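If you scroll down you'll find the structure; I have some questions about it.
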Amino acid sequence: MEPRYDINEVEARIERQWEESGFFNPDICVQKGITPSDAEPFSIVLPPPNVTGTLHMGHAAMLAIEDIMVRYARMQGKRTLWLPGTDHAAIATQSRVEKDILKQEGKNRYDLGREEFLNRVRTFAQQSHDTILRQTKRMGASLDWSREAYTLDEKREYAVRTAFKRMHDLGLIYRGHRVVNWDPKGQTTISDDEIVYEERKAKLITFRYDRDFPIAISTTRPETKFGDTAVAVHPDDERYRAFVGKEYDADFCGTKIHLTVIADPSVEKDFGTGALGVTPAHSMVDWEIAERHGLPFQQIIDERGRMTVENDLVREKKTAEAREIVTEELRRRGLIEKEEEIPQNVATAERTGGIIEPLPKLQWFIAVDKKFKNPAGTERTLKELMREAVADGGIAILPERFERIYFNWIDNLRDWCISRQIWFGHRIPVWYKKSDQRSAISDHEEAYVGADAPEGDGWEQDPDTLDTWFSSGLWPFSTLGWPHFAPNGASRGTPHSTADGASQGAQTGPEHDLMNYFPNSVMETGYDIIFFWVARMILMSSALMGRVPFRRVYLHGLVRDDKGRKMSKSLGNIIDPLTMADKYGADATRLSLIIGTAPGNDIKLSEDRIRGYRNFSTKIWNIARFIDMNKTEISDQRLAIGDQESRISEAHKKYLDDLAALKTEVTAHLDNFEFHLAAEKLYHYVWHELADVIVEAEKEKLRGGTDEEKAASYTVLAQLLIASLKMLHPFMPFITEEIHQIFRPGKMLMVEKW
RNA sequence: GCGUCCUUAGCUCAGUGGUAGAGCGCUUCGUUCACAUCGAAGAGGUCAUAGGUUCGAUCCCUAUAGGACGCACCA
């Protein structure tokens, strides 16, 4: 063996060797007789990285954890599929490219036009994809690339259109005119989950609409009061009881408004004056109040964030400016009773940072509170199904505490707005007759919803695209052939023949993936996207498959720097996984992301830690080298005979017993998803037991003993080493594979039996 | 407002109902053959605080303090 472990040479060579073997593909494992065709399946679908850039440490952690599960399952003899892919990440990718183009060419997407702009995005996405693919392989991830998917490729597009069509037919997808979160900067709607609240100071003013109006109200947005159609008070509030039900005409800064006083329990008696001006068109909460009471709404702000109200003071002004003008006018009229500074959470768009303007718009939604007959045959709402999936044990979430967080989110869930006014993404599979398109609120227009375009002339497809999480939500089954190869035959094209009578589970190949690998065994992802993604997959699978999409959810934390800060370009604290892999090895990088971290907790990483595990690699190499140097001809024969030698010394027997005990522990930890514990025990054993104690103790015998003793020593040491390599393999696949093949030429460790 | 997590060695973090662990850092010694990308030896901790349960608590329970976070509200 080489005196020094050449990380880059070995890792590159082993990576090629694995890829050429084809063993990442479970079908080939079956074909080559490595896995029995009726072996228990194990499947993970990779959370697809966004094609917005390159791999970061968070991805590396994800790859390390999943690869541990996958390699362990494969070595246990399971039919193991880990399916890779990438995510088009609609809004994230589009805004990234928009920024680049604006910076380099000073143009926006409208300057380029839809087709040209989309071409630019596709080019960017392709480059990003290629980089991510190379990087992923570099980390040693044993993914089956023959099944690679993309959330925006042809198969997934068909899956998306089919899903939309079916959910529309079930009454779960509807088009409605409702208040949505409008991002004036990105010029699109966004979902509730894409909102980030920022605390800012705001001025709360208490005022009356006019001198004759009997109730004072408080607001931080006086400019929206042109759109008020009611004043709401709490039903138990004695102060206002006499006014409830009365209607008033008021002159608000020169504009006539009509107000009804209503009682609604959502109003807090103790806030402000206890009376709330209801602005149905520009507040989500007010819209809901208005719906409960049958109030009209009056839109006074447009998509650009400008006032549309017929009032000379503010017309065409931006909201922030209008706010000042209205406040000043109220002051002038002597209507303000109080002005105070309060902290306020302002809703901003996650991607663009724009301040959200709630607006009434005609959009597509998924109904979460509507009962429907689901594929499992029961009448439930999506909310109920999502809750039951976890509550009834169909899905176990690790760490368990996230189950409560999940339930809490479901309880507060509103209908999901799925249409976006951006260009990059899945076009909504709805066609309108051209003359009527967008002309009215669905009464007068003819719409066609389908997986394929309608026959005949004059149809034009909805220009909007779908929320990126719509296609991500289908990922656990759209990657496995749904709907084309759905077992129930509900698909277009020729259903695959299953008439050859083969027993269930014995059929291999991608056309049987849905049957073999769905539900996925595990969904492993970051806890930060439990709502965005995990919940949406459960939603989609409940609606379309009638069952859970996966059996278990394992959530990892965020990778932070050694001071606990998020890694970011602006802080300059990014530790790049590829740089680290080149410097210290992918093995060491992986280990640093596993040991010393607990599931669901954030991972604090420093280069020192990675270097520490590089030293461990070196240690392993030197242990192997020492053992290898003491090989004799006799010992070679002994090793070939196997480990059941008759004349085994007491000391050697103890080594083997201890090793067996370790294996029991490590196996239990792996079965319990306690990877950090398994890795730490192995680390401790190899360094402080095998190297420090056992190898030291055997040195004497190897120096002074008889040939027979030398051979016995070598045999035991080699056995201990090989067993250790095997257990370490899921964690440090490269170096273990390399050394294993030096000791056992031609035997690939990756597919050895655990 | 509801809820979660964290507080353990100088730093970053694991862990356990019964003598407290890792990486890095620190001190001393060591380069004759597995390994200086190292070895040997060592210093360093009333496991946040106060109660409780227990034969026994760093671990379980309650409260408090500090820190981080999620959700809702945010007129």
Side-chain angles (χ1 to χ4, degrees), chain A residues 1 3-5 7 192-193 197 199-200 202 204-206 217-222 224-225 228 231-233 266-268 271-279 282-286 289 342-347 399-413 527-528 530-531 557-558 560-565 583-585 588 591-592 594-598 600-630 674 676-677 679-681 683-684 687-688 690-692 695-696 698-699 702-703 717 721:
Chain A
M1 284 174 71
R4 294 178 83 88
Y5 176 52
I7 292 168
D192 295 344
D193 298 283
Y197 288 96
E199 191 168 299
R200 294 182 192 178
L204 181 73
I205 66 168
T206 301
I217 62 163
S218 300
T219 185
T220 53
R221 297 202 59 187
T224 66
K225 300 290 110 183
D228 283 15
V231 167
V233 298
S266 69
V267 179
E268 267 188 56
F271 190 93
T273 62
L276 161 69
V278 182
T279 323
H282 299 290
S283 156
M284 203 72 85
V285 176
D286 292 7
I289 293 174
I342 58 162
Q344 189 190 30
N345 280 334
V346 176
E400 215 170 320
R401 65 172 187 270
F402 286 101
E403 293 191 358
R404 298 183 62 166
I405 295 175
Y406 173 80
F407 291 138
N408 182 257
W409 179 79
I410 290 182
D411 291 341
N412 293 306
L413 188 61
Y527 67 72
D528 53 326
I530 182 168
F531 307 136
L558 272 42
R560 297 171 178 275
D561 74 1
D562 59 353
K563 295 189 183 63
R565 302 172 304 182
K583 214 163 158 186
Y584 304 114
L591 212 53
S592 73
I594 299 296
I595 294 185
T597 69
N601 284 7
D602 290 351
I603 302 164
K604 291 195 183 127
L605 186 72
S606 65
E607 190 166 337
D608 275 345
R609 270 172 62 100
I610 304 172
R611 196 176 44 204
Y613 294 116
R614 186 274 318 269
N615 294 351
F616 180 53
S617 301
T618 309
K619 192 74 189 175
I620 297 173
W621 184 258
N622 283 310
I623 295 167
R625 202 156 71 88
F626 172 77
I627 297 172
D628 189 54
M629 286 168 85
N630 288 288
E674 297 160 337
H676 59 305
L677 296 180
E680 203 166 324
K681 286 200 169 137
Y683 176 93
H684 192 268
W687 202 316
H688 301 299
L690 183 57
D692 290 355
V695 165
E696 289 302 324
E698 292 303 304
K699 268 183 183 170
L702 288 166
R703 282 191 193 134
L717 286 176
L721 174 67

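Nothing here was measured: the structure is a model prediction, and the numbers come from that model. Numbers restart at 1 for each chain; the letters A, B, ... are given by sequence-line order, proteins then strands.
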In whole angstroms, the gap separating P of B/C73 from CG of A/D192 amounts to 9 Å
- prompt: Between B/G66 and B/U49, how far is it from one P atom to the other, in whole Å?
  reply: 16 Å
Side-chain atoms of A/R625 come closest, of B/A14, B/C5, B/A34, to B/A34
Using a cut-off of 4.0 Å on non-hydrogen atoms, how would the nucleic acid contact of A/R401 be classed: base, sugar-phosphate, or nothing?
sugar-phosphate
Side-chain atoms of A/F531 come closest, of B/A14, B/C24, B/G70, to B/G70
With the side chain defined as heavy atoms from C-beta on, A/L677 is closest, among B/C74, B/G15, B/U37, to B/G15
To the nearest angstrom, the CD-P distance between A/E680 and B/G21 comes to 12 Å
_Over all strands shown, is A/I217 touching base, sugar-phosphate only, or nothing at heavy-atom distances under 4.0 angstrom?_
nothing
Check your understanding: Does OP1 or OP2 of B/U4 have a side-chain N or O of A/R404 closer than 4.0 Å?
Key -> yes
- Crowded around A/R4 CZ? As in, over 12 foreign heavy atoms under 6.0 Å? no
Subject >> Distance, P atom - from B/G23 to B/A40, rounded to whole angstrom >> reply: 11 Å
To the nearest angstrom, the CD-C1' distance between A/E696 and B/C33 comes to 13 Å
If I pick the C1' atom on B/G21 and the same atom on B/U58, what distance separates them, to the nearest angstrom?
13 Å
Rounded to whole Å, the OH-P distance (A/Y613 to B/C24) equals 8 Å
query: For A/E696, does the CD atom sit with more than 12 other heavy atoms under 6.0 Å from it, leaving out its own atoms?
result: yes
Separation of B/C5 atom P from A/E403 atom CD, nearest Å, is 13 Å
With rounding to the closest Å, how many angstrom separate the C1' atoms on B/G10 and B/G70?
33 Å
Between OH of A/Y683 and P of B/C24 the distance, given in whole Å, is 6 Å
Rounded to whole Å, the CD1-C1' distance (A/I603 to B/A68) equals 16 Å
(Q) If only side-chain N and O atoms count, and only distance matters, is there a donor-acceptor pair under 3.5 Å linking A/Y527 with A/N601? (A) no
Taking Watson-Crick and G-U wobble contacts under 3.5 angstrom, with | marking pairs to another strand and [ ] crossing pairs, the secondary structure of RNA chain B is written (((((((..((((....[..)))).(((((.......))))).....(((((..]....))))))))))))....
Quick note, A/K619 side chain, CB onward, closest among B/G70, B/C35, B/A14 is B/C35
- prompt: Using the ring of each side chain (for Trp, its six-membered ring), is A/W409 parallel, tilted or perpendicular to A/F531, with breaks at 30° and 60°?
  reply: parallel
Taken to the nearest whole Å, CD1/A/I620 to C1'/B/C38 is 15 Å
Which of B/A34, B/G23, B/G3 is nearest the side chain of A/H688? It is B/G23
Review point. Under 6.0 Å between the ring centres of A/Y613 and A/Y584?
Key: no
